[in-house]
Amino acid sequence: MVTWNNLDTVKAYENLQKVTPVNLAAVMAGENGAERVRKYSVPMAAGMAYSYAAKQVDDEVLAALAALAEEMQLTEKFEALYNGEVINTGEKRMVLHHMTRGQLGNAVVADGTDKRAFYVEQQNRIAELATKVHNGEITNAAGEKFTTVVQIGIGGSDLGPRAMYLALENWARVNNTFKMEARFISNVDPDDAAAVLATIDVAHSLFVLVSKSGTTLETLTNESFVKDALAKAGLDASKHMIAVTSETSPLAKSDDYLAAFFMDDYIGGRFSSTSAVGGAVLSLAFGPEVFARFLDGAAEEDKLATKKDIRENPALLDALIGVYERNVLGYPATAVLPYSQALSRFPAHLQQLDMESNGKSVNRFGEPVNYVTGPVIFGEPGTNGQHSFYQLLHQGTDIVPLQFLGFKNNQMGSDVVIQGSTSQQKLCANVVAQIVAFACGKADANRNKNFEGGRPSSIMIGEQLTPEALGAILAHFENKVMFQGFVWNINSFDQEGVQLGKVLATKVLKHETEGALKVYSELFNI
């Protein structure tokens, strides 16, 4: 049986604070650095590797982190989670997103249903519909094939699926699995929906409405926007729309949709890319076989997250190093820096995944904690970021830990040799140069040109960004966030902080305002 304790009450955390910090610039210099790179790496799923040589750890720090993982029963808590214990204490729910891609432990029955069987059933139903759309068995009123799929959703119903689509779009084109272009409408700002609708042929478009509750204001507003556009084009909206929702929502059995696919309350939006939320749009865009490969990569990475040895468990190791950086070394933020244009929106997805999950100041029991929790997450693809915010990362007053992602080969296959090297080689040269530059720095008598170094980073390295690799990366970060929530003894699976603004916005729209809220409303003529 697991016990839930605050971080500052466990002996291993006290011991961790006594460990001598590593001088990163010294240990990464010369042959010492070469040996570290060879030593401090752990395999991930899909042939990838997690290298943490440029982190401020050594064998002594790793031993202290392993002791922390053992005392806080981190893998045991993960086991309790995937075996169906009520881990989401705020909403009194199980947490089952892992079951959308595999079953790690016992069968879990909820609402009278085997949940693994339920998720597989939804995936099979989505695959059947996608195949019929691709084969022309489901068409528009004129008997013509749909060519575009548009996802309507916000938050986890948009950020993850959008990031995954962009990550695989070029790969699918090159590998002849590209079926339909996907677009996304999320913001209630009317310019968002209008801009998408202006660039697609609505007569040949399928719209996927994603709302677990069926009551999300922004999503339903954008649905009305789309339905209005379809009506103006003389089209029957019910023949152009499918829903992804819960079985109990008002959308579930509505005649307004061609079909409805189901998720449930045991999967949070930011963890839903491997459920029907991502499954519908990705299966329509690339084919169900590609989505299945994506799930396989995630399932393989989930299995690694069950290992007790932190040197064999990349997500747990990454999580523990992050806790060390946040709570012992005092670093306030983490930058996610993919050296792959395909992952351009992945940092935005991780912002929600991490900050919505672990942006908490009370523990699982509603008691204030006396230590910092989740870091600020931000990022941008390399090499673009190098010409943007890397100045602060290299020479700013705050040290910001970095998480790089890089691939030996690009997705498109096309490249050109300029000045003796290809574009891909230049990209990879930049990422390895940045790792060493951040770690080692450069002494210069001109203080403006002096680099202190000692800036920690890790990197995930793969052969190519494939569906399996993408699934592995996604699952790695989901499990990292989960493990860190366990360490901080917080509930990573609710998001009450999202609710207050919604409540006040409703009051504004109903003109039930006073004080500052009333004056601000008047400024906007609401």
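Just so you know, these numbers use all the heavy atoms, side chains as well, and skip hydrogens, waters and symmetry mates.
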message = Does anything in residues 226-236 form a side chain to side chain donor-acceptor pair (under 3.5 Å)? List the pairs, not counting sequence neighbours.
response = Glu223-Lys227, Lys227-Asp256, Asp228-Lys232, Asp236-Ser238
inquiry  = Enumerate the side chain to side chain donor-acceptor pair (under 3.5 Å) contacts for residues 150-159, please, sequence neighbours excluded, ordered by first and then second residue.
reply    = Asp158-Arg162
request  = For residues Phe477 and Phe346, establish whether the separation of their ring centroids is below 6.0 Å.
outcome  = yes
task = Please check if the distance between the ring centroids of Phe146 and His240 is under 6.0 Å.
result =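 For Phe146 and His240, the ring centres are under 6.0 Å apart.
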When you compare the side chain of [Y] with that of [X], does any pair of heavy atoms fall below 4.5 Å?
X	Y	value
Lys239	Leu235	no
Leu168	Leu282	no
Leu295	Tyr119	no
Val208	Val149	yes

query = Quick one: salt bridge (Lys or Arg N to Asp or Glu O under 4.0 Å) pairs with a partner in residues 283-298, sequence neighbours left out?
reply = Arg293-Glu468
inquiry  = Tell me which pairs pass salt bridge (Lys or Arg N to Asp or Glu O under 4.0 Å) where either residue lies in residues 135-157, with sequence neighbours left out.
reply    = none
task = May I ask you to say whether Lys132 pairs ionically with Glu128, meaning some side-chain N is under 4.0 Å from a carboxylate O?
result = yes
query = Is it true that Lys360 and Asp494 make a salt bridge, defined as a side-chain N closer than 4.0 Å to a carboxylate O?
reply =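 Judged by the 4.0 Å cut-off on N to carboxylate O distance, Lys360 and Asp494 do form a salt bridge.
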request  = Would you tell me whether Arg183 and Thr199 have side-chain atoms, one donor and one acceptor, within less than 3.5 Å of each other?
outcome  = yes
task = Examine the side chains of Asn358 and Ser492 and answer whether a donor and an acceptor come within less than 3.5 Å of each other.
result =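 Per modelled atom types, Asn358 and Ser492 side chains form a pair under 3.5 Å.
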request  = Would you verify whether the NZ or CZ of Lys115 falls within 45 degrees of the ring axis of Phe118 while also being under 6.0 Å from that six-membered ring's centre?
outcome  =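 Because its charged atom sits under 6.0 Å from the ring centre and within 45° of the axis, Lys115 does stack over Phe118.
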query = Which residues satisfy the salt bridge (charged side-chain N to carboxylate O under 4.0 Å, His left out) test with Glu312, sequence neighbours excluded?
reply = none
Set of salt bridge (charged side-chain N to carboxylate O under 4.0 Å, His left out) partners for Arg270, sequence neighbours left out =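 Counting only residues at least two positions away or on another chain, Arg270 forms a salt bridge (charged side-chain N to carboxylate O under 4.0 Å, His left out) with Glu356.
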ask   = So Asp318 and Tyr52, side-chain contact (heavy atoms from CB on, under 4.5 Å) or not? Walk me through it.
value = CA-CA 8 Å; Asp318 193 3; Tyr52 56 102; over 6 Å; no
